[in-house]
Chemist: 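Can you keep this structure in mind? I'll have questions shortly.
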Amino acid sequence: MSASIDAGATAAAFRQLYGGEPDGVWAAPGRVNLIGEHTDYNDGFVMPLALPHSTVAAARRRDDGVLRIHSGDAPTGVVELRIADLDPVTVGGDRGGWAAYPAGVLWALRRGGLDAGGADIHYDSDVPTGAGLSSSAALEVSTALLLNDLYGLGQSAQQLASWCQKAENDFVGVPSGIMDQTASACCTEGHALYLDTRDLTARQVPFDLAAEGLSLLVVDTQVKHALGDGEYAKRRAGCEEGARILGVRALRDVPFGSLPSALARIDDPVIRGLVRHVVTEDRRVEEVITLLDAGRTREIGPVLVAGHESLRDDFTVSCPELDLVVSSAVAAGALGARMTGGGFGGSAIVLAEASEADAIRVAVEKAFASASYRAPRTFAAVPGPGARRLR
Ligand code: GLA
């Protein structure tokens with residue numbers, strides 16, 4: 001699962017498919033989240049970083065109201081859509097398959113009053129799909145960025161991320177927060193992005209692991225996750241119910257210090273768990289940022305583990321395979337580990353001394369083999385650049 005961005009190959013595939021040159025080639029990365037899980041739809045804090053894995057899109061503007069899209073990964077051939085017919089009910093969600101994401105972005109931009117039009121687009125992607133690494137955000141953000149350029153829409157990276165979230169929420173029908181799209185659009189090389197999801201202020205936090213002799217492994221359990229299956233939406237609705245019971249706008253507004261008294265006001269143990277996770281997770285983001293600012297990167301390990309336990313026990317979005325990555329990695333000497341992304345499968349991250357990373361990877365693989373789980377796929381994450389035009 002090594003990352004490769006080859007603008008030339010994507011442009012060549014475009015030429016073969018559509019004839020003629022693309023107007024440009026753009027890329028948008030997948031992400032992992034270091035800490036701050038299921039906080040983004042609670043107005044809380046997150047800290048993702050961009051992966052070196054990207055969706056690369058070669059595109060050419062067309063002015064006849066038609067969107068043609070093709071993906072090197074999908075067996076669907078060229079999907080041709082009339083812009084006037086773009087509709088969340090007939091084209092969005094499951095009916096549109098992968099095409100709903102780019103179609104939804106164009107729909108959201110136009111619905112927002114922006115003058116985006118048709119295009120021929122070919123996508124190549126090496127972001128693993130269904131692995132909790134935001135392949136859909138990479139697809140959305142690459143589309144938004146190329147439309148922004150082709151039609152001179154003048155939108156900032158964060159604005160593009162917000163249009164992409166609208167596409168995902170209102171066209172595809174997944175009630176996701178703003179983290180993944182913002183990570184793909186706004187991350188920078190060598191940094192994690194500390195984002196306040198309420199006012200969208202962000203800070204680039206230096207995260208140069210190699211310089212510190214550290215390694216961040218991403219372990220894809222290959223257990224496929226699907227955010228659309230209702231469990232994610234259930235957690236989100238439960239958090240909103242918690243905020244309603246506590247009389248706050250969002251769970252971000254429950255101070256950590258008053259958590260015990262807040263929990264005492266909630267009868268439903270499920271809602272209590274959701275609230276406890278979100279409030280403690282926001283606190284963990286603060287702890288991690290304080291440690292990183294102080295140059296004490298190794299000490300974030302236990303905070304990551306505490307985050308995993310909270311997602312497992314209070315938020316109930318882990319699964320046995322993710323739990324096994326964490327327990328086997330920690331037993332083999334990792335500094336910390338936790339599931340990353342929405343959960344229900346997907347990937348975990350493991351923070352380790354660079355010199356021990358390989359032994360830890362082997363230990364996790366052995367643990368998976370002993371449990372008769374499918375072999376996981378592991379790679380080291382180096383914080384890469386956010387979305388950009390390649391040519
Ligand atoms: C998914 C969603 C994000 C976020 C994470 C959990 O990746 O798309 O908005 O809620 O789950 O932190």
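In listed order, ligands and their atoms are each counted from 1.
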Chemist: Distance alone, cut at 3.5 Å: any donor-acceptor contact between the side chains of Asp124 and Thr10?
Modeler: yes

Chemist: Hey, which of Arg276, Glu281, His277, Arg338 is the one that makes side chain to side chain donor-acceptor pair (under 3.5 Å) with Ser310?
Modeler: His277

Chemist: Give yes or no for whether the N/O distance cutoff of 3.5 Å, strictly under, is met between His38 and ligand 1.
Modeler: yes

Chemist: Judged on heavy-atom distance to atom 3 (C) of ligand 1, which of Asn169, Thr39, Asp40 sits nearest?
Modeler: Asp40

Chemist: Which ligand 1 atoms does Gly177 reach within 4.0 Å, using its non-hydrogen atoms?
Modeler: 9 (O)

Chemist: Output the list of atoms in ligand 1 that are nearer than 4.0 Å to some heavy atom of Arg31, sorted by atom number.
Modeler: 7 (O)

Chemist: Which ligand 1 atoms are under 4.0 Å away from a heavy-atom of Asp180?
Modeler: 1 (C), 2 (C), 3 (C), 7 (O), 8 (O)

Chemist: Would you check the N or O atoms of Glu168, main chain and side chain alike, for any that come under 3.5 Å of an N or O of ligand 1?
Modeler: no

Chemist: Counting only nitrogen or oxygen atoms and a 3.5 angstrom limit, does Ser134 reach ligand 1?
Modeler: no

Chemist: Which of the numbered atoms in ligand 1 are under 4.0 angstrom from any heavy atom belonging to Met179?
Modeler: 4 (C), 5 (C), 12 (O)

Chemist: What are the atoms of ligand 1, with element, lying closer than 4.0 Å to any heavy atom of Tyr41?
Modeler: 10 (O)

Chemist: Heavy-atom contacts under 4.0 Å between Arg235 and ligand 1: side chain, backbone, both, or neither?
Modeler: neither

Chemist: Looking only at side chains, do Ser215 and Glu353 share a donor and an acceptor under 3.5 Å apart?
Modeler: no

Chemist: Within a distance under 4.0 Å of any heavy atom of Ser176, pick out the atoms of ligand 1 and give their elements.
Modeler: 2 (C), 8 (O), 9 (O)

Chemist: If we ignore angles and hydrogens, is there a donor and acceptor under 3.5 Å between the side chains of Asp43 and Thr197?
Modeler: no

Chemist: Would you please say whether a donor-acceptor pair under 3.5 Å links the side chains of Thr378 and Arg361?
Modeler: no

Chemist: So is there a nitrogen or oxygen of Tyr232 less than 3.5 Å from a nitrogen or oxygen in ligand 1?
Modeler: yes

Chemist: Between Thr280 and Arg284, do the side chains contain an N or O donor and an N or O acceptor separated by less than 3.5 Å?
Modeler: yes

Chemist: Check whether the side chains of Ser162 and Gln159 place a donor and an acceptor atom closer than 3.5 Å, and report yes or no.
Modeler: no

Chemist: Between Thr143 and Tyr123, does any side-chain donor sit less than 3.5 Å from a side-chain acceptor?
Modeler: yes

Chemist: N/O of Gly36 under 3.5 Å from N/O of ligand 1, yes or no?
Modeler: no

Chemist: What residue among Asp282, Asp196, Asp40 forms side chain to side chain donor-acceptor pair (under 3.5 Å) with Arg252?
Modeler: Asp196

Chemist: Is the closest heavy atom of Met339 to ligand 1 under 4.0 Å?
Modeler: no

